[in-house]
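What follows is a short report on a single structure.
All ligand and atom numbering here is 1-based and tracks the order in the structure. Numbering of residues begins at 1 and proceeds along the displayed sequence. All values below come from the heavy atoms of this structure, side chains included, with hydrogens, waters and symmetry mates left out.
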Amino acid sequence: MDEWIQRCSAVIRLHVDTMNWSLHSRWLPPDRSQEWMERCNREINWEQTDVRVYGRWHKVPRLTAFLAERSVTYRYSGALHHGTGWPQWFLPLLETISSQCNAPFNGCLFNWYRNGEDRMGWHADDEPEIDASFPIASLSLGATRDLHFRHRETGQRHNLPLCDGDLLLMDPACQSLWMHALPTRRKITTPRLNLTFRVFRTND
Ligand SMILES: O=C(O)CCC(=O)C(=O)O
Ligand SMILES: [Fe+2]
C-alpha cells in the first residue's frame, strides 16, 4: 500500500456530534496536495459559467468543472452537466477518497478560487440528484479559506478554516440542517482548489 494511504488511515478523525461534519486535518501531505493541484490545473477544462440571480446574468465568481461517470447528470449554477467518464489520471485520488469514506462516489465538482476575490454564496448541496444517504467529501488544496456554516433553524454559526490537504466529510444532515458559504478574503492572493466528491442517483 502506498505510504501516504497508510498515513491517511492513521489520521485522527475529529467528529463533533452536534455539527454534522468531521474534518481530517492535513489528510493529504503538502507534496501530494501540490501535485494534485497542479495536475487538476493542467488537465481540467475550466469554465466560468453564467448564472441568473434575481433576473440578471452574472459570471460565477470562480472557475468550475464537473467530472463524473457517464450515467450522471447534474444541474448546478443554472446549467445541466453530463458526466463523460472518469479520466485515467484522476482514478488514484478518486479510489483513495472513496475507500477512506466508504462511499461509491460517482461525480466530483471542482471549484478553483483564483484568489481571495473568488467566492461561493450561501447554499446547501441538497439537489434531488444527490443520493442523501451518503456523505459528501470535500478536499481542499492550496490557500486556506474560511467555510462558514449557518443552521437553517437556530441561525447558529460556525467558521471552519480549511487548509491545504484538509478532507472535510459532510454527513447527509449537514445539507438538510445547515447552509454553507465561502466568503471573499481580499488579502489572499494565491489560489485554492476544492473538490467535492458526491454520490448521484442514476437510472442504471
Ligand atoms: O470551496 C468550498 O470549500 C465549498 C465548495 C462547496 O460548497 C460546493 O462545491 O458545493
Ligand atoms: Fe456546497
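- Comparing Arg145, Arg192, Arg198, Met120 by heavy-atom distance to atom 3 (O) of ligand 1, the nearest is Arg192.
- Atom numbering of ligand 1 starts at 1 in the shown order; those under 4.0 Å from a heavy atom of Thr196 are 9 (O).
- In the model, Asp126 has no side-chain atom that pairs as donor or acceptor with a side-chain atom of Ser176 under 3.5 Å.
- Cation-pi check for Arg39 over Trp89 is not met; the charged atom does not lie both under 6.0 angstrom from the ring centroid and within 45 degrees of its normal.
- Looking at atom 9 (O) of ligand 1, its nearest protein heavy atom turns out to be Asn111 ND2, 3.1 Å.
- Checking each of Phe134, Phe66, Phe105 against Phe200 for a ring pair (Phe, Tyr, Trp, His ring centres under 6.0 Å) leaves exactly one that passes, namely Phe66.
- Judged by distance alone, the side chains of Arg62 and Thr64 never bring a donor and an acceptor atom under 3.5 Å apart.
- Atom NZ of Lys59 has more than 12 heavy atoms from other residues, nucleotides or ligands within 6.0 Å.
- Counting protein heavy atoms only, atom 5 (C) of ligand 1 is closest to Asn194 OD1, 3.4 Å.
- When the Fe ion (ligand 2) is compared with the N/O/S atoms of Asp125, atom OD2 turns out nearest.
- Atom CG of Leu63 and atom CD1 of Ile44 lie 11.0 Å apart (nearest 0.5 Å).
- Nearest N, O or S atom of His180 to the Fe ion (ligand 2): atom NE2.
- Side-chain atoms of His123 and His180 form a donor-acceptor pair, as typed in the model, at a separation below 3.5 Å.
- Close contacts between ligand 1 and Tyr113 involve ligand atoms 1 (O), 2 (C), 4 (C), 5 (C) [criterion: under 4.0 Å to a heavy atom].
- The distance criterion of under 3.5 Å between nitrogen or oxygen atoms is not met by Ser140 with respect to ligand 1.
- Taking a cut-off of under 4.0 Å to the non-hydrogen atoms of Asp125, the atoms of ligand 1 that pass are 10 (O).
- Between His180 and ligand 1, a contact under 3.5 Å exists for at least one N or O pair.
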